[in-house]
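Below: one structure, written as C-alpha cells.
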Amino acid sequence: MEKSNREFQKRYARALNPDQLAAVTHTEGPLLVIAGAGSGKTRTLTYRAAYLVEKGVSPSAILLLTFTRKASQEMLRRATQLLDERCGKIAGGTFHSFANATLRQYASHMGLDPAFGILDRSDSENLIGMLRKEMQPANRRRSFPRRKTLADIFSRAVNKGLSLEEIIDNDYPHFESHLETIGCLYQLFEIRKQEHHFLDYDDLLVYLCRLLAEYPDVQDRISARYRYIMVDEYQDTNTIQAEILYLLTRTNQNIMVVGDDAQSIYAFRGANFRNIIDFPKRFPATRTVSLEENYRSNQPVLTLTNTIIERAREKFTKNLFSQKKDGSTPVMVNAEDEYSQSRFIVDRIKDLQKQNLPLNEIAVLFRASFHSFDLEIELNREGIAFVKMGGFKFVESAHIKDVLAHLRVMANVHDRISWYRILLLIEKVGPKTAQKIYEATLAEKSGYTGLLSAKVARSKGLERLKKLIATLDTQPKTVCEMGETIIDYYMPILKNRYDDHPRRAKDLEHLVEIMERYRSLDPFLTDMALEPPTTSFENTLYANTPGSDRLTLSTIHSAKGLEWNTVFVIWTLDGRFPSVHSLHKEAELEEELRLMYVAATRARENLFFTYPSNVYDRSTGLILNRPSRFLDDIPDDILEKEYEYR
C-alpha cells in the first residue's frame, strides 16, 4: 500500500510543476491559488479533482463551481480521462445551476413553489416592459429608461450589493430625476415575480444565500455533504457568491479557490475585486500558492507584464517566468495621428505575413470597441480579412448609421433609403408619412427645395430637419464641419432613443475625428461603405473574404483567456487608456491597469503598443499627447520606444 501511494505521488509529480503539485495535493483547509496568466490553472483544477477521487474521496462529496457549464464539463471530462469514470460523478456546474437545484429541494423553507419558473434575461426585460407601460403616464416622458436599461440597473444593484440610488448615481446619473419612479417600478417587479412564482438569475443567488444564512440546519446539512469545494475564476465572483461560499464551509473549510487578482476586470458585471484580496482574512488558516511559471509567452513579454502589474496599489505579488528566454523586446510606437497608427499596424501585419505568420495568429486589442473604427477602414482598403469581437462594426451601429444617412442625402438627394431613415427619426412621422413626404416633395423635384417647401406633414421635428438641410445646403462646410452640424441636430434624438446615449455620444465624437482627415464628402462615404460585415454571431463580426485565416480585432474584455503569437494594443494614450473619466477614481484606475495587464499577457512572442499624438478630447477640451501612465517611464530595455511613425 505504501509503495502504491509513492507511485501515486510520483505520477502526479511528473505531470505537474512544483507549485501546481502543491496546490493539487493540498487537501485539508482553505487554499488560495493565485494562478498567473498562462500558468495552467485549468490543468491544476483538473488534476486536483482526479487526485481527490484517487485518494478515496467520494465524487459526490466534491463540488466544482465555475462560471460556465462548458468549463466545468471540460474539466470533469479531462479528469475522467486522467483517472476513470468516477470523476464524471463530481457535482460540477455554475453557481446558478447549483442554486437552482438546492432551492428546489428546500423551496418550502423560502416560501417558494418547488416548480417555480426561472426568468432569463429576455423574460425579465419583457416583464419590466409590461410593468413600465402599466405605470404610464408616470413614465410617459421619453427620457425614462427603457426596459433593457432598467433590467441592467436592477441587476447591478443586486450583484454589487448597492442601492438603486447608488447605482444610478455612479452609472446612470442622467436618470437621477426618475429615481423615485424607478424605485416604485422595482418594487412592482419584485411583487409580480412573487405572485407568479418566478425567480430571475439574480434571485437564484439571493434566495440561496438567504436559505443558508437563515436556516442553520439546512446550512449544516449542505455543508456536510460537500467535503471539498473548488471554485474557478474566483476573482470574478460578486459579493453574494463569496458569501454563499463562506456559508457552505461551515462544517469544514476544505475550499480551494483559483483565480488571479491581476485579471479582475469585470466590475461592471458586479465582480468584486475585494473577494480574492480578502480571502485570507475571511479564512485565516488559508494557505496561498502562486502559479508563476507561464507556458504561453516568452520572457521579454513576461518581464514587461510583471512591470505593468507591479504598479498596482493592491495585489498578490508574483513574478511570471518562462522557459522561453529568447524573444523580441515589446515595442511602444508613438504615431503622428490615428491614421498613422492604423497604417503602422497594417504595414507591420503585411511584414508578418511575408514571414509566413498566419493572420489568425495576430490580434489587435483595444479598451473600447470604437477605438478600432479607423483601423477597420484601412484593413478593408488593404483587403485584410478580420473578425471583430466584443462590439459591432461602427457603420452597423444604429446611431452611426443615423448620422451617415444625413450625409448621404447631401451627396445624393434621391437616396430613398437614407431619406426614409432620417424621416422616421422624427416624432409623429411613421412609414406612411415618410413615404408620402418623399414621393410628394423629394422624388419629383430638384435639389432640396421639395423638402423645404413640404406641406404634406407639419411638426416641430420636421421643421428642425428643414432648418438643418438648409444650413448644410447653403453654407459651404468641410466634411468635419458637416458632421458636427448634423450631430448637434441629432443629439436630442439620440437622448430620446437610447438610454446609453453618453456612450453612443463618444462614438459620434470619434466619427468626427475620422472625418477630419477627409477633404470631400464622397471619399468619406465611399470608405464608410467598404466591405460591410456579412455575418454576425454573439457580438462577433466577420468582414471581407470567407475563411478561417483572419486577423482578430477584439475588446480586451472579450480577449480574456485567448492568446496569439503577435498582439497590438492600440490607443494606449493617457486619457483614452486609462480613460479621462477614470483618472480621479482610484478603483476604476486600478481596474484599467489590470485591463492593460490582461491585454499584454495575450501575446506569446511579439507585443506592440501604439498611441496617436495630439488628440483633442471634446468632452474635456484637453489635448491628449502622452502615452498611457501604465506604460510611461518603463525602461527601454523592457519596453522599446519608437517615435513619430508617419
Side-chain angles (χ1 to χ4, degrees), residues 19 32-39 41 160 233-239 242 257-282 286 288-294 296-297 299-322 330 332 365-367 555-557 559-561 567 569 571-603 607 609 611 626-635 638-639:
D19 293 324
L32 171 61
V33 180
I34 302 298
S39 63
K41 75 172 180 64
K160 291 189 174 186
E233 301 285 11
Y234 187 70
Q235 78 279 350
D236 294 336
T237 55
N238 61 32
T239 302
V257 300
V258 180
D260 185 3
D261 56 296
Q263 297 187 70
S264 179
I265 58 173
Y266 292 112
F268 67 95
R269 293 182 186 170
N272 190 341
F273 174 70
R274 299 246 44 102
N275 287 350
I276 192 166
I277 291 294
D278 293 340
F279 186 86
K281 295 178 182 177
R282 180 158 251 190
T286 294
T288 300
V289 174
S290 293
L291 305 184
E292 298 180 321
E293 182 170 1
N294 179 286
R296 174 188 299 155
S297 307
Q299 192 57 50
V301 169
L302 296 179
T303 299
L304 174 64
T305 60
N306 288 335
T307 303
I308 291 172
I309 202 61
E310 182 61 31
R311 300 182 172 203
R313 295 172 66 91
E314 195 168 12
K315 60 187 176 296
F316 288 105
T317 301
K318 57 182 176 296
N319 187 53
L320 297 182
F321 66 92
S322 171
M332 181 166 66
L365 307 182
F366 30 85
R367 179 187 165 278
T555 60
I556 300 168
H557 286 99
K560 186 172 179 290
V567 169
V569 187
W571 278 101
T572 54
L573 176 72
D574 214 51
R576 287 289 187 269
F577 193 176
S579 69
V580 168
H581 303 292
S582 69
L583 296 182
H584 304 293
K585 298 179 180 179
E586 184 177 315
E588 291 185 18
L589 195 61
E590 286 285 288
E591 177 150 323
E592 292 214 31
L593 172 64
R594 297 193 292 270
L595 196 63
M596 183 72 81
Y597 173 82
V598 169
T601 53
R602 302 308 97 197
L607 178 58
F609 300 90
Y611 68 98
R626 292 188 59 81
S628 170
R629 64 190 60 199
F630 304 147
L631 303 172
D632 205 11
D633 299 329
I634 292 179
I638 297 176
L639 180 61

Tell me the closest heavy-atom pair linking [X] and [Y], and the distance in Å.
X: Glu292; Y: Lys318; answer: OE2-CA, 3.1 Å
X: Ala35; Y: Val258; answer: CB-CG1, 3.9 Å
X: Glu590; Y: Arg311; answer: OE2-O, 4.4 Å
X: Val569; Y: Ala599; answer: CG2-CB, 4.0 Å
X: Phe279; Y: Leu32; answer: CD2-CB, 3.9 Å
X: Tyr597; Y: Gln263; answer: CE2-CG, 4.1 Å

Can you check whether [Y]'s main-chain N or O pairs, donor with acceptor, with [X]'s side chain at less than 3.5 Å?
X: Gln235; Y: Asp261; result: no
X: Asp632; Y: Pro627; result: no
X: Thr572; Y: Ser628; result: no
X: Asn275; Y: Thr237; result: yes

*Might you work through the side-chain contact (heavy atoms from CB on, under 4.5 Å) test for Tyr611 and Arg576, ending with a clear yes or no?*
CA-CA 9 Å; Tyr611 68 98; Arg576 287 289 187 269; over 6 Å; no

*asked:* Assess the residue pair Ile34 and Ile276 against the criterion (side-chain contact (heavy atoms from CB on, under 4.5 Å)); give the C-alpha distance rounded to whole Å, side-chain angles, the decisive distance to 0.1 Å, and a yes or no.
replied: CA-CA 9 Å; Ile34 302 298; Ile276 192 166; 4.1 Å; yes

For residues 265-272, which side-chain N or O atoms pair as donor and acceptor with protein atoms under 3.5 Å away, sequence neighbours left out?
unit_1, atom_1, unit_2, atom_2, d
Tyr266, OH, His557, O, 3.1
Asn272, OD1, Arg274, N, 2.9
Asn272, ND2, Thr239, OG1, 3.2

*Please report the C-alpha distance between Phe321 and Glu293 in whole Å, then the side-chain angles of each, then the deciding distance to 0.1 Å, and finally whether the side-chain contact (heavy atoms from CB on, under 4.5 Å) criterion is met.*
CA-CA 5 Å; Phe321 66 92; Glu293 182 170 1; 3.5 Å; yes

*Would Lys315 and Glu310 count as a side-chain contact (heavy atoms from CB on, under 4.5 Å) if you check the C-alpha gap in whole Å, the side-chain angles of each, and the deciding distance to 0.1 Å?*
CA-CA 8 Å; Lys315 60 187 176 296; Glu310 182 61 31; 3.9 Å; yes

*Output yes when Asp574 and Arg629 qualify as a salt bridge under the 4.0 Å nitrogen-oxygen rule, no when they do not.*
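Here Asp574 pairs with Arg629 in a salt bridge, since their nearest N and O are under 4.0 Å apart.
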
_Contacts of type side chain to side chain contact (heavy atoms under 4.5 Å, CB included), residue Ile638, not counting sequence neighbours_ =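 In terms of side chain to side chain contact (heavy atoms under 4.5 Å, CB included), with neighbours along the sequence ignored, Ile638 is linked to Thr303, Leu304, Thr307, Ile634, Pro635.
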
